[in-house]
Each structure stands twice: as C-alpha cells, then as structure tokens.
Amino acid sequence: MSEAKWMSKRTYGLQSPPSLGVPGKKRYAMVIDLRRCIGCGACVVADDPPCVRNCPTQATYKHESGFILQRYNRCIGCKTCMVACPYNARHLLPAARTDHSQPTDVADKCDFCIHRVTRGLMPTCVTTCMGGAITFGDVNDSESEVSRMLDTHKTMTLRSDKGTRPQVYYIGLDGDIADVAASYADRSVQMREEFNIFKRNRLGAGNIIEGESETGPVGFPLQVIRNMINFVKDIVEKGYR
Amino acid sequence: MEKELIMNAFHDVYWGVPISIYFWLMGVSAGAHVISGFGWVFGLKKYKQVGLIATLWAILALLIVPLILIHDLGKPMRFFYLLLPFYWHNSAPMSWGTVLIMLYPCMMSIYAYFMYKNNERMAFIFGIGSILSAASTHWYTGVVIQLNPGRDLNHTAIASLLFLVGAFISGTGFLIVTFWIMNIFLNPLKKIRDSFQEGFIKRFIKACSIGEKVEDSLIVEMGQVMAIGIVVELILTLNEYLQMIYGTMEEQSNLYDVLLGAFRVPFLAYVFFAMLIPLFILYLSPIKRRPFGVAIAAGLVCIGIFGMRLWWVLGGLFQQSFY
Ligand code: SF4
Ligand code: SF4
C-alpha cells in the first residue's frame with residue numbers, strides 16, 4: 001500500500017484524506033526561505049490535523065485541497081482545538097471587536113487565505129513578505145514553483161514527529177530554533193520578561209506567571225486564587241453571549 | 001541567532017485552573033461513589049450505612065461541574081451544540097465525554113432513589129450501572145487531555161489510570177473527612193434530625209444516617225483502602241517519571257518544569273501530601289488506628305490530588321505557551 005493510501009486509511013475526523021501526492025488532487029503548501037526571512041510570525045497547515053479530529057462540534061474541518069477551515073457559527077469556544085494543535089497555531093478571537101459584525105470568542109486559525117487563493121491570488125502573507133521569502137502553490141503539481149523549490153532545496157518542517165504532516169516547509173531552518181524544547185530552555189531574560197508582562201496583562205484563567213518568586217509556595221496558590229477570581233468576574237463580562 | 005525568530009508569539013494556557021478544579025471535583029465524585037458501591041453493590045455490610053450519603057456527596061460535587069465547564073466555553077450559550085445530531089463528531093473525545101457526563105448523574109440519582117427506598121435488588125442493578133459510568137466519566141477526563149500528541153506531559157497511556165486512581169483516593173479521603181466531622185458534630189446533628197416532624201424529610205435524613213455515629217472502625221478501614229490506592233498511585237507516578245526522564249528532549253524539559261520550574265509547588269504538594277505523608281501516617285505513625293489520624297491523612301490526600309490536577313493540566317499546556 002502506498003503511503004498516501006495508508007494515510008487516508010489512518011485518517012479520522014471530519015476531514016478529507018491527506019491529499020499529498022494523490023493524483024488529480026490539489027495540495028496547497030508553502031515554502032518559507034529563512035535565508036530571506038526577517039522574522040515575522042509563522043503558521044503550519046497540517047495534512048493530518050489533530051485540531052480537526054478533536055473538535056466536538058465539527059466547527060473546524062479539512063477541505064480537500066488542504067485548507068483547514070473554521071465555521072464560526074458552529075464553534076462553542078471549548079478550546080479543544082487549541083489544546084490539540086502542537087504548534088499553538090490557534091487562538092480565541094477577542095470578546096470585543098471594533099467591527100461588530102465580526103465573530104467573537106470563537107476559535108480561529110490561518111486558513112491559507114482561501115478567499116484569495118480560490119480567486120487566483122496569493123495569500124496575503126506571500127504578497128506582503130518584504131524579503132519575498134514565502135512561496136505558495138500546489139505541491140501535487142510538479143510544474144509549480146513550490147514543487148520546484150521542494151525539489152531543489154533541502155527543506156525542514158516543524159515538529160513533524162507529532163504525526164501532523166505539516167505543509168509549511170522551511171529552507172535553512174536551524175534545528176536549534178525549530179526545537180521547541182531548546183527554544184524553551186534557552187530563552188533569553190528579555191523574552192522571559194516579555195512573557196510575564198503578557199501574562200500579567202491578561203485576564204484569562206490559568207495564566208501562571210513564571211517569575212523568580214511568583215511560583216513559590218505562597219505565590220503559586222495566590223495565582224491560582226487570582227485565576228479563579230478572574231474566572232468568576234468573567235461571568236459579568238461575558239454577559240452570556 | 002535569537003530564538004524569537006519563529007517563536008515571537010505568546011499564548012495563553014487554554015485549559016487553566018477551572019478545568020483543574022473540574023477534574024478534581026469529578027474525581028472526588030467518582031471516588032465517593034465507588035465507596036458507596038462497596039455496601040450496595042459489592043455486598044460489604046459495613047458500608048451500607050454510608051451508601052446514600054456518599055452518593056449524595058458525589059451528586060453535590062457533580063452539580064458544580066457543568067457550571068464550570070459551560071462558563072469556561074467561549075460561547076457558553078452554545079453548549080447544547082455538543083449534543084445536536086448534525087454537530088456530533090465521532091472522533092472527538094469531548095463528544096463522548098458530554099454523553100458520559102450527562103449519563104453519570106442520572107444513573108447516580110436512580111441508584112440513590114433505590115437506596116432510599118431500601119430496594120436492594122434495584123439498587124444493585126443501578127449501582128453497577130452508575131459505578132461503571134462513574135469510572136468511565138473519570139476515565140474520559142484523563143483521555144480528553146491524553147489524546148493530544150502536542151502535549152508531551154499528558155500524552156501518555158497511563159494518564160487515565162493515574163486519574164482513576166487519584167479519583168478513588170481523593171473521593172475516599174473526602175468521605176473520611178466528612179464522616180469524621182459529622183462524628184464530631186454528632187449531637188447537634190441529632191438535634192436537627194429530631195427537630196423535624198415525621199415525614200419525607202425525616203425519612204430522608206434517617207436513610208442518610210445523619211445523626212448516627214459512623215463507626216470508628218469503618219473510618220480506619222476506609223483509611224486502609226485509601227492507603228492501597230496511594231501505593232498504586234505512587235507506582236504509576238514513578239512509572240511516569242521514569243518515562244519522562246528517559247524520554248525525548250521535550251518530555252525532559254516538561255519534566256524540568258514540573259520538578260523544578262513553574263509547577264514545583266503543586267508537584268511537591270502532590271508527592272508529599274497525596275502520597276508520602278499519608279502513607280507514613282497510615283502505616284507507621286502511632287495515630288494510624290485513630291480516626292483523627294486517618295482524617296488528617298485523608299485531608300492531605302484531597303489537597304495533594306488537587307495539586308496533581310493543577311500540574312497535570314497547566315504543566316502540559318504551559319511549556320508551549322512560549323512556542
Ligand atoms: S473551540 Fe471551536 S473549533 Fe475549537 S474544538 Fe471547540 S468547537 Fe471546535
Ligand atoms: S497547525 Fe494546528 S491549527 Fe493548523 S491544521 Fe495543524 S493542528 Fe490544526
């Protein structure tokens with residue numbers, strides 16, 4: 001059995017089977033050339049996404065061309081998909097938005113700009129990348145530029161050991177950077193501080209701040225209590241939407 | 001090169017303290033319920049007296065659970081989507097969990113009703129059903145967090161076992177503490193009981209054995225049962241620790257977080273309060289045969305298991321908040 005076939009047997013959840021290398025199917029992918037990258041955010045669109053199989057309301061699903069899409073009207077904001085995603089590629093939309101017609105408090109993710117791609121345009125990140133580091137296209141089409149890039153360069157994907165078959169490929173990715181554990185252990189003092197400021201400015205329940213003393217025998221229980229107070233305060237703020 | 005190159009977004013811990021509290025309450029409920037089954041299902045006469053009140057505690061602990069879970073949703077008013085036929089998702093553990101969480105209190109209430117009516121046969125039948133649903137509901141809480149390959153700390157096959165054993169000991173501990181307190185306030189409870197007129201409330205209070213002394217020997221025996229559970233928990237934790245320390249880089253750094261990093265306090269609380277100190281009290285100390293000693297051990301177990309829920313849930317999600 002070919003790998004693609006085996007994968008489609010193994011796939012579960014509301015998703016089209018992995019389409020990588022399946023004749024007649026599209027599989028959009030992205031190649032990011034880190035030699036040109038100046039360092040903005042990154043996203044990964046898996047070919048076998050854990051977020052889809054763990055969503056209890058079918059709010060997130062996989063399109064047969066590889067887009068992983070989100071249906072806001074179905075999402076209950078249970079955050080299971082965020083817990084399932086090994087890349088932290090998901091987020092909860094804010095409760096207050098300037099444009100009131102936009103969804104709030106539901107999960108969202110990068111959708112490879114399906115609204116642009118289906119109209120023959122490139123995803124916004126590709127067109128705005130200053131270094132021109134991102135290439136986007138159909139990997140199943142051997143003539144496309146992504147296929148050519150993948151054929152001619154040595155590429156790496158992030159956390160492919162998690163069984164997600166990520167479709168964002170990196171050129172010149174330093175293993176040290178890609179490794180979540182190394183990045184965690186070696187984080188700089190500045191990053192630590194930024195992280196703590198981020199946490200302090202959040203009201204969400206469950207944000208434990210890692211400082212030098214705040215996770216000690218007094219600090220930790222206090223943080224737990226603070227989290228619960230925020231959780232209860234949230235009853236008013238949510239106003240039961 | 002600075003590591004922030006591709007890791008410049010910070011994230012929240014999505015399932016936080018409220019979810020830990022839910023896991024703890026669920027465990028206490030399931031554990032207390034199993035103790036109630038000792039008398040009415042497994043036929044241990046001694047436990048019959050406390051059967052109904054143990055189940056009532058289990059139901060009470062469970063009443064708080066949906067409030068926490070629903071309020072934790074981004075869109076609380078959409079909680080019923082989980083049960084709509086066209087929204088149902090077979091591969092999502094949470095879909096199945098929702099059914100279990102709804103089934104469990106129903107089974108438990110029917111079982112409690114037959115205990116109240118003193119109908120042994122029906123209590124036996126529904127007792128089996130509700131103990132199975134108690135076990136599977138709590139098993140599910142382990143599973144829902146275990147089936148996430150990205151969370152190295154939680155992605156282990158013994159997660160649900162650890163949860164089940166933890167549930168059993170914390171539920172037993174919770175009951176021991178309540179029985180001990182009820183024994184202390186025996187006279188006021190008796191007065192309250194006698195102040196009611198004959199009728200439903202009085203019959204109900206009597207069926208719950210409120211105002212009757214829970215035998216000291218029963219409390220001590222429950223302590224021994226709990227001690228066996230603690231030993232199993234200790235072995236499972238040791239096993240998990242071994243896997244982590246011989247594990248991948250990610251597992252090791254997660255372990256670092258739990259042993260020495262942000263979650264050392266709940267972890268140490270777990271090891272000492274839920275396991276080592278209670279084991280010492282229950283096996284080696286001079287107060288091991290005194291209800292007072294057993295109650296202290298039981299209270300510590302409850303606190304320690306809460307610590308476990310905290311480091312287990314938060315710890316697994318915390319590391320990636322940097323990624
Ligand atoms: S937050 Fe929304 S998309 Fe994510 S798992 Fe829950 S219902 Fe599905
Ligand atoms: S990277 Fe995360 S959000 Fe994106 S498809 Fe994979 S699991 Fe889902």
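Residue numbers start from 1 in every chain, and the chains themselves are labelled A, B, ... in the order their sequence lines are given, proteins ahead of strands.
With sequence neighbours excluded, no residue forms a side chain to side chain donor-acceptor pair (under 3.5 Å) with A:Lys79. Taking A:Leu93 as the reference, A:Tyr72, A:His91, A:Arg97, A:Pro103, A:Val106, A:Asp108 meet the side-chain contact (heavy atoms from CB on, under 4.5 Å) condition, with sequence neighbours excluded.
Neither the backbone nor the side chain of A:Arg226 comes within contact range of chain B; no heavy atoms are under 4.5 Å apart.
The line from SG of A:Cys75 to CD of A:Gln70 is 5.0 Å long, rounded to the nearest 0.5 Å.
Of residues 308-315 of chain B, those residues with a non-hydrogen atom less than 4.5 Å from any non-hydrogen atom of chain A are, in numerical order, B:Leu310, B:Leu314. At a heavy-atom separation below 4.5 angstrom, chain A is approached by B:Pro266 within residues 266-277 of chain B.
In the model, B:Asn148 has no side-chain atom that pairs as donor or acceptor with a side-chain atom of B:Asn154 under 3.5 Å. For the 3.5 Å distance criterion, the side chains of A:Arg90 and A:Thr60 qualify, holding a donor opposite an acceptor. Counting only N and O atoms by type, the side chains of B:Thr156 and B:Gln243 include no donor and acceptor under 3.5 Å apart.
Side-chain atoms of B:Ser95 come within 3.5 Å of backbone atoms of B:His89 as a donor-acceptor pair (strictly under, hydrogens ignored).
Note: B:Ile68 leads B:Leu84, B:Ile68, B:Ile19, B:Asn254 in heavy-atom pairs under 4.5 Å with chain A.
Ring geometry for B:Trp96 against B:Trp88 counts as perpendicular: the plane angle is over 60°, on a 0 to 90° scale with 30° as the lower cut. Using the six-membered ring where Trp is involved, B:His138 and B:Phe163 have ring planes that are tilted, between 30° and 60° apart.
The two atoms that bring A:Pro50 and A:Pro86 nearest to each other are CG-CD, 4.0 Å, heavy atoms only.
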